[in-house]
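Scroll down for the structure; my scribbles are underneath it.
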Amino acid sequence: MKKWPATAAALVACITISAVPATAVAEEFPSKPITFIVPYAAGGPLDSMARLLAEKVRPELGTVIVENRPGAGGNIGASIAAKAKPDGHTLVMGAVAINAINPWLYEKLPFDPVKSFEAVTLVASVPNVLVLNGEFAKANSINSVSDLVAYAKKNPDQLNFASGGNGSAGHLAGELLNVRSGIKTVHVPYAGAAPAKLALLGGQVNFMFDNLASAASLIKDGKVKALAVTTVERSSVFADLPTMEQSGVDKFDLGTWFGVFATGGTPKPIVDKLNAAYVKALQDPTVRQNLLTMGSDAKPTTPEAFAELVRNDLAKYKDIVKASGAKLF
């Protein structure tokens with residue numbers, strides 16, 4: 001029998017040993033219940049979607065336990081997932097605020113927005129919408145974004161807009177409108193989107209950028225005047241609303257996406273198995289209908305496509321946060 005050279009034999013053994021574990025890991029996963037962390041309080045849209053998805057992936061992944069770990073703009077829950085064992089048994093519902101905006105708002109984060117996570121799949125991208133106080137819009141005949149911009153140019157520093165806080169998506173959208181349109185409006189931060197909306201309805205502020213799902217009922221009831229959505233594509237729920245770019249504001253693309261991440265370093269066979277289970281769940285009619293009530297369609301992706309979205313948004317929001325002047329410590 002022909003003998004292999006010692007180095008060649010060692011190489012073959014190394015390849016064989018390294019190939020077997022990857023297959024075995026994928027076949028044996030999961031070996032225990034999966035923890036799915038939601039970095040926000042219970043009862044919100046991300047929490048509800050995480051719990052629905054946990055039910056739908058049960059046939060492929062077994063028990064998935066949803067845990068709410070709110071605080072610090074989502075950083076606490078994300079940090080727990082980032083520091084977990086990279087074996088696929090800890091997942092987190094990430095979002096644009098946590099994975100693409102917070103890295104530029106906070107001087108120090110307990111995780112790296114790219115290296116600390118493995119993208120599994122995007123769940124959905126929900127547009128924000130520019131809405132005006134109804135009485136203000138009617139009194140000043142503001143029926144479009146161009147009308148609002150024209151009014152602001154004639155009345156510099158007289159318009160104000162609400163947001164759920166410094167560095168929030170609504171704040172950044174308002175500042176981006178100022179920069180892209182060459183207008184000056186005043187930011188009024190509130191302790192959350194709910195009080196900001198009450199201020200809009202009460203006439204304390206003139207406009208705000210709100211999550212489309214949150215604003216939908218107010219728009220339908222005519223309590224606020226909707227002018228445009230902030231994404232590059234129109235919403236399927238409010239197809240008559242133009243985008244900000246269609247309304248004449250160049251380079252305006254600010255969606256609110258959320259998706260599933262595993263801990264950084266999780267083996268690719270496990271990530272792929274997670275991806276297959278969650279993509280299948282996102283094709284379920286019940287899941288898709290629930291997302292429609294949030295003003296969005298299901299947006300399942302490959303892990304690679306989701307990771308690219310995160311990288312692209314990190315670069316985009318770096319410039320937007322810098323222009324806004326927002327900073328959190």
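No hydrogens, no waters, no symmetry mates; every other heavy atom, side chains included, goes into these values. Numbers here are sequence positions counted from 1.
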Is any side-chain heavy atom of [X] closer than 4.5 Å to a side-chain heavy atom of [Y]?
X: Phe238; Y: Val229; result: no
X: Val92; Y: Pro39; result: yes
X: Asp253; Y: Thr231; result: yes
X: Asn75; Y: Phe111; result: yes
X: Val129; Y: Leu241; result: yes
X: Asp313; Y: Val96; result: yes
X: His187; Y: Asn166; result: yes
X: Arg58; Y: Val64; result: no

Do [X] and [Y] share a hydrophobic cluster (ILVMFWY, side-chain heavy atoms under 4.5 Å, transitive)?
X: Val179; Y: Tyr317; answer: no
X: Leu201; Y: Val131; answer: yes
X: Ile142; Y: Val186; answer: no
X: Leu109; Y: Met93; answer: yes
X: Phe207; Y: Leu198; answer: no

List in chain and number order the residues that pass ring-ring contact (aromatic ring centres under 6.0 Å, His included) with [X], two or more places apart in sequence or in another chain; answer none if no residue qualifies.
X: His89; value: Phe29
X: Phe136; value: Tyr151
X: Trp257; value: Phe306
X: Tyr40; value: none

Considering all heavy atoms of both residues, which atom of [X] and which atom of [Y] are nearest to each other, and what is their separation?
X: Ala196; Y: Gly164; value: CB-N, 4.3 Å
X: Val232; Y: Thr243; value: O-CG2, 3.7 Å
X: Val57; Y: Ala281; value: CG1-CB, 3.8 Å
X: Gly167; Y: Leu105; value: O-CD1, 3.4 Å
X: Pro103; Y: Leu314; value: CG-CD2, 3.8 Å
X: Pro70; Y: Ile76; value: O-CD1, 3.8 Å

To the nearest 0.5 Å, what is the distance between [atom1] on [X] and [atom2] on [Y]?
X: Ile37; Y: Ile80; atom1: CD1; atom2: CD1; value: 5.0 Å
X: Lys138; Y: Leu132; atom1: NZ; atom2: CG; value: 14.5 Å
X: Thr263; Y: Leu91; atom1: OG1; atom2: CG; value: 7.5 Å
X: Phe261; Y: Thr90; atom1: CZ; atom2: OG1; value: 15.0 Å
X: Met244; Y: Leu176; atom1: CE; atom2: CG; value: 8.0 Å
X: Lys85; Y: Thr266; atom1: NZ; atom2: OG1; value: 11.0 Å

Between [X] and [Y] (side chain of the first, backbone of the second, donor and acceptor by atom type, cut-off under 3.5 Å), is there such a pair?
X: Ser181; Y: Leu177; answer: yes
X: Asn133; Y: Leu200; answer: yes
X: Thr230; Y: Leu254; answer: yes

* Asked: What residues, two or more places apart in sequence or in another chain, satisfy side chain to side chain contact (heavy atoms under 4.5 Å, CB included) together with Pro195?
  ->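 Side chain to side chain contact (heavy atoms under 4.5 Å, CB included) check on Pro195 returns Tyr190.
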
* To do: Go through Leu309 and Thr301 one step at a time and tell me if the side-chain contact (heavy atoms from CB on, under 4.5 Å) criterion holds.
  => CA-CA 10 Å; Leu309 170 65; Thr301 62; over 6 Å; no

* Worked check of side-chain contact (heavy atoms from CB on, under 4.5 Å) between Leu53 and Leu282 -> CA-CA 8 Å; Leu53 288 172; Leu282 287 166; 4.0 Å; yes

* What pairs with Glu67 under side chain to side chain donor-acceptor pair (under 3.5 Å), at least two apart in sequence or on another chain? ->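 Scan of Glu67 (side chain to side chain donor-acceptor pair (under 3.5 Å), adjacent residues dropped) gives Arg69.
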
* Asked: How far apart are the C-alpha atoms of Leu159 and Lys184, what are their side-chain angles, what is the distance that settles it, and do they pass the side-chain contact (heavy atoms from CB on, under 4.5 Å) test?
  -> CA-CA 8 Å; Leu159 284 179; Lys184 292 182 180 180; over 6 Å; no

* Asked: Below 4.0 angstrom, N of the basic side chain to O of the carboxylate: do Glu304 and Lys268 qualify?
  -> yes

How would you list all residue pairs meeting salt bridge (charged side-chain N to carboxylate O under 4.0 Å, His left out) that involve [range], not counting sequence neighbours?
range: residues 206-217; result: Lys197-Asp210
range: residues 37-49; result: Asp47-Arg51
range: residues 141-156; result: none
range: residues 215-243; result: none

* Pairs involving residues 114-132, ordered by first then second residue, that meet side chain to side chain donor-acceptor pair (under 3.5 Å) (sequence neighbours left out) ->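 Every side chain to side chain donor-acceptor pair (under 3.5 Å) pair that includes a residue of residues 114-132, provided the two are not neighbours, is Asn128-Thr256.
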
* Asked: Does anything in residues 276-297 pair up under side chain to side chain donor-acceptor pair (under 3.5 Å), and if so which pairs, sequence neighbours excluded?
  ->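 Pairs touching residues 276-297 that pass the test: Glu60-Lys280, Ser236-Asp297, Asp284-Thr286.
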
* Asked: For Leu148 and Leu130, what are the C-alpha separation, side-chain angles and deciding distance, and is it a side-chain contact (heavy atoms from CB on, under 4.5 Å)?
  -> CA-CA 11 Å; Leu148 179 65; Leu130 171 56; 4.0 Å; yes

* To do: Go through Glu28 and Lys273 one step at a time and tell me if the salt bridge (charged side-chain N to carboxylate O under 4.0 Å, His left out) criterion holds.
  => CA-CA 11 Å; Glu28 294 174 4; Lys273 189 169 184 177; over 6 Å; no

